[in-house]
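Reading through the structure tokens given below for one structure.
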Amino acid sequence: MTYEPDAIVVGAGLAGLVAASELLDAGRRVTIVEQEPSASFGGQAWWSFGGLFLIDSPEQRRMGVNDSLALARDDWFGTAGFDRDEDHWPRQWAEAYLQFAAGEKRAWLHEKGVRFFPVVGWAERGSGMAGGHGNSVPRFHITWGTGPGVVEPFARRVQSAAANGRAAIRNRHRVDELIVEEGRVVGVRGAVLAPDTAGRGAPSNRDAVGDFELRAPVVIVASGGIGGNHDLVRAAWPSRLGTPPASMLSGVPAHVDGRMLGIAESAGAHLINGDRMWHYTEGIQNWDPVWERHGIRILPGPSSLWLDARGDRLPSPLFPGFDTLGTLEHLRRTGSDYSWFVLTQKIIEKEFALSGSEQNPDLTGKDVRLLAKRVAPGAPGPVEAFKEKGADFVVADTLDELLAGMQRIADEPLDTELVARHVHEHDRQLDNEFGKDLQLAAIRSARKYRGDRLIRVASPHKLLDPSAGPLIAVKLHILTRKSLGGIETDLDGRVLGADGAVVPGLYAVGEAAGFGGGGMHGYRALEGTFLGGCLFSGRQAGRAAARA
């Protein structure tokens, strides 16, 4: 290859495309190398719900939400729990990202054509303490167009540059080595893989048909995390989260395999916080899978009764949508790989959303008529399809029928008397407008927020109320998703070595860099911050590399 770029970007996901766009805007020539076929251009972000974390936005203010940088900082640092020497740069990234989310982030995206759904979502509602984990207010801004809508302006910029010769996109080019000469990274080597017609996210071949070498003054690693490699996930699993699951679903394609992390480490990069990860407990088997063990996450409202595999109710405040890792830790200590939601048709119609662009055709396709059906009777079409076809759903008219159906799909003994007791206890608490059940108190509190009352949280009702039926049980699996640690970088995205010195010529962005610095989320995330971390770290590194 004779094309000599000013920068090489390893990975065609969102962070890599943002970094490449910034370099192109600065007049630099860029080559993107990506092992997957062109159908997967845009990476994991394309599959996402498109949620973005913003602070004191016009959307929040219109919904009556009073947010501030100070409140968001309390929430972020109370959630992150930074407590290590290697959290030096992650702390600085967190502070810089908060400033970005409260400042120019929305205007920067708006100028590129990104728009937001007017109702702001309330994710990770927290651990119940003002200074602890969770969002004090709704901050989850759904992009009009979901994940593809976030990716589009940056993909368009790169593709336009490729058409006029300022950029090159090399699909089926797998990087196996970073070239280091005299202590500086000066390029990449690897294998050219055989052509493959695999669709977006589907498995592609690994048949090498040649070699390649590319050189440039700058190499940016934008290769993602480890969520598709269950062996790596289990190897990194921390004891604080209990034992690793024997069985998991994959929330990301298999090519999210973590290969480049080891390759970067061999070139001098320092990997930190590998034991920090973000996996979901509300995974369901995709009845129409794209990749092996393909799981979809339920984005739940707060009303479903959450039970462990045996049938015991999860303790307060482990309610749906409140504390992802707290729930994961509790469930792993029970020794089971799954849990249950018990709910009603009334709850599923108002509270169930499915994560992912393909599961939200109204928002993804910017279809206003289809969107209007969300406030009409009935569950959204994709949710109804899972209810009818999904292996993890049980639908019944009576509690006895529901319990029998749960037993049929259970992997271990279910205490049906215990389940029935929890259902009846829940319903007796609704004989009054007050009571001691903190989940019901949280539901009533949530409905004071206009967005929750309109489209997200069902009015409190008895699970055995026939008018709210039928009854529904959902078997929930652990779903792999994000690495919160990664390659340590400074605020310019420059990769650091174990001695804290910059590795010349090497940058890292996105999930490969723990979304900034090697882990700007700390131990936990506030949601809407993964795409945002890709945007911010790609922008920081792209601009810094253009100045180099």
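Only a predicted model underlies this, so the values are computations on that prediction, with no experimental measurement involved. Below, all heavy atoms of this structure are taken into account, side chains as well, without hydrogens, waters or symmetry copies.
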How are the rings of H294 and W291 set relative to one another: parallel (under 30°), tilted (30 to 60°) or perpendicular (over 60°)? parallel

Residues E95 and R73 bridged, charged N to O under 4.0 Å: yes

Using a strict threshold of under 4.0 Å (side-chain N to carboxylate O), is an ion pair present between R524 and E124? no

Determine yes or no for a side-chain-to-main-chain donor-acceptor pair under 3.5 angstrom, with D427 supplying the side chain and L463 the backbone. yes

Compare every heavy atom of T146 with every heavy atom of S357, then report the nearest pair and how far apart it is. CB-OG1, 3.3 Å

Please determine, by modelled atom types, if T364 and E358 share a side-chain donor-acceptor pair under 3.5 angstrom. no

When rounded to the nearest 0.5 Å, the distance separating CZ of R106 from OG of S57 is 6.5 Å

Salt-bridge test for E527 and R297: reply yes if a basic N is under 4.0 Å from a carboxylate O, no otherwise. yes

N/O donor-acceptor pair under 3.5 Å between N135 side chain and L526 backbone: yes

With heavy-atom distances below 4.5 Å as the criterion, would you say the side chains of S250 and H230 are in contact? yes

So, the side chain of R200 versus the backbone of F41: is there a donor-acceptor pair under 3.5 Å, distance only? yes

Can you check whether K475 reaches W340 side chain to side chain, under 4.5 Å on heavy atoms? yes

CA sep, side-chain torsions, deciding dist, call: D392, L476, side-chain contact (heavy atoms from CB on, under 4.5 Å): CA-CA 7 Å; D392 297 312; L476 305 170; over 6 Å; no

Backbone of L354 reached by a side-chain donor or acceptor of N360 within 3.5 Å: yes

Given the side-chain rings of W144 and F116, with only the six-membered ring counted for Trp, is the space between their centroids under 6.0 Å? no

Between L314 and L331, is a side-chain contact (heavy atoms from CB on, under 4.5 Å) present by the stated rule, with each step listed? CA-CA 8 Å; L314 272 59; L331 290 173; 4.0 Å; yes

Would a 4.5 Å heavy-atom cut-off, applied to side chains only, mark R139 and V65 as touching? no

Whether R240 and D275 form a salt bridge (side-chain N of Lys/Arg under 4.0 Å from carboxylate O of Asp/Glu) is what I want to check. yes

Any chance you could lay out the side-chain contact (heavy atoms from CB on, under 4.5 Å) test for V419 and D415, step after step, and finish with the verdict? CA-CA 6 Å; V419 176; D415 187 334; 5.8 Å; no

Tell me if a side-chain donor or acceptor on N286 pairs with a main-chain N or O of I296 at a distance below 3.5 Å. no

Check the surroundings of atom CD in E412: do more than 12 heavy atoms from other residues, nucleotides or ligands lie under 6.0 Å from it? yes

Within 45° of the ring axis of W122 and under 6.0 Å from its six-membered ring centre, is that where the NZ or CZ of R456 lies? no

If you take all heavy atoms of V474 and I284, which pair is closest and at what distance? CG1-CG2, 3.7 Å

Output yes when a side-chain donor or acceptor of S40 lies under 3.5 Å from a complementary backbone atom of G201, and no otherwise. yes

Worked verdict on L471 versus E401 for side-chain contact (heavy atoms from CB on, under 4.5 Å): CA-CA 9 Å; L471 286 164; E401 292 171 349; over 6 Å; no

Do any N or O atoms from the side chain of D452 and from the backbone of K448 form a donor-acceptor pair under 3.5 angstrom? no

Carboxylate-amine/guanidinium proximity below 4.0 Å for R428 and E425: no

For residues S355 and R481, determine if any side-chain heavy atom of one lies less than 4.5 Å from a side-chain heavy atom of the other. yes

Do L98 and L69 come within less than 4.5 Å of each other through their side chains, counting heavy atoms only? yes

Salt-bridge criterion met for D323 and R125 (N-O under 4.0 Å): no

Of the non-hydrogen atoms in G64 and R450, which two are nearest, and what is the gap between them? N-NH2, 4.1 Å

Are the side chain of K105 and the backbone N or O of I55 linked by a donor-acceptor pair below 3.5 Å? no

If you round to the nearest 0.5 Å, how far is NE2 of H141 from CG of L531? 14.0 Å

Side-chain touch D465/T344, heavy atoms, less than 4.5 angstrom: no

Atom NE2 of H330 and atom CG of L325: how far apart are they, to the nearest 0.5 Å? 14.5 Å

Establish, yes or no, whether a centroid distance under 6.0 Å links the rings of F154 and W46. no

Does a donor on one side chain and an acceptor on the other come within less than 3.5 Å for D400 and T398? no

Between H477 and Y338, what is the ring plane arrangement, given parallel below 30°, perpendicular above 60°, and tilted in between? tilted

Got a donor-acceptor contact below 3.5 angstrom from the D367 side chain to the R369 backbone? yes

Roughly how far apart are I348 CD1 and K387 NZ, rounded to 0.5 Å? 6.0 Å

Which class fits the ring pair F82 and F77: parallel under 30°, tilted 30 to 60°, perpendicular over 60°? perpendicular

Between H521 and W76, how do the two ring planes meet: parallel, tilted or perpendicular, split at 30° and 60°? parallel

Once rounded to the nearest 0.5 Å, what's the spacing between atom CD of E511 and atom OG of S537? 10.5 Å

Quick one: pull up CZ in F515 and CG in L484 and give me the separation to the nearest 0.5 Å. 7.0 Å

Answer yes if the side chains of W278 and T324 hold a donor-acceptor pair under 3.5 Å, and no otherwise. no

Less than 4.5 Å apart, any side-chain heavy atom of V137 and any of Q60? yes

Without hydrogens or angle criteria, can the side chains of H422 and D312 be said to hold a donor-acceptor pair below 3.5 Å? yes

In terms of heavy-atom contacts, V256 and Q44 come closest through CG1-NE2, 3.4 Å

Nearest heavy-atom neighbours spanning V119 and G451: CG1-CA, 3.7 Å

Contact summary for G522 and R276, nearest pair of heavy atoms: O-CD, 3.1 Å

E417/R421 ion pair, N-O < 4.0 Å: no

Do the non-hydrogen side-chain atoms of P118 and R62 ever get within less than 4.5 Å of each other? no

CG (N66) with more than 12 external heavy atoms under 6.0 Å: no

Short side-chain to backbone donor-acceptor contact, Q359 and F49, under 3.5 Å: no

Examine the side chains of K346 and S459 and answer whether a donor and an acceptor come within less than 3.5 Å of each other. yes

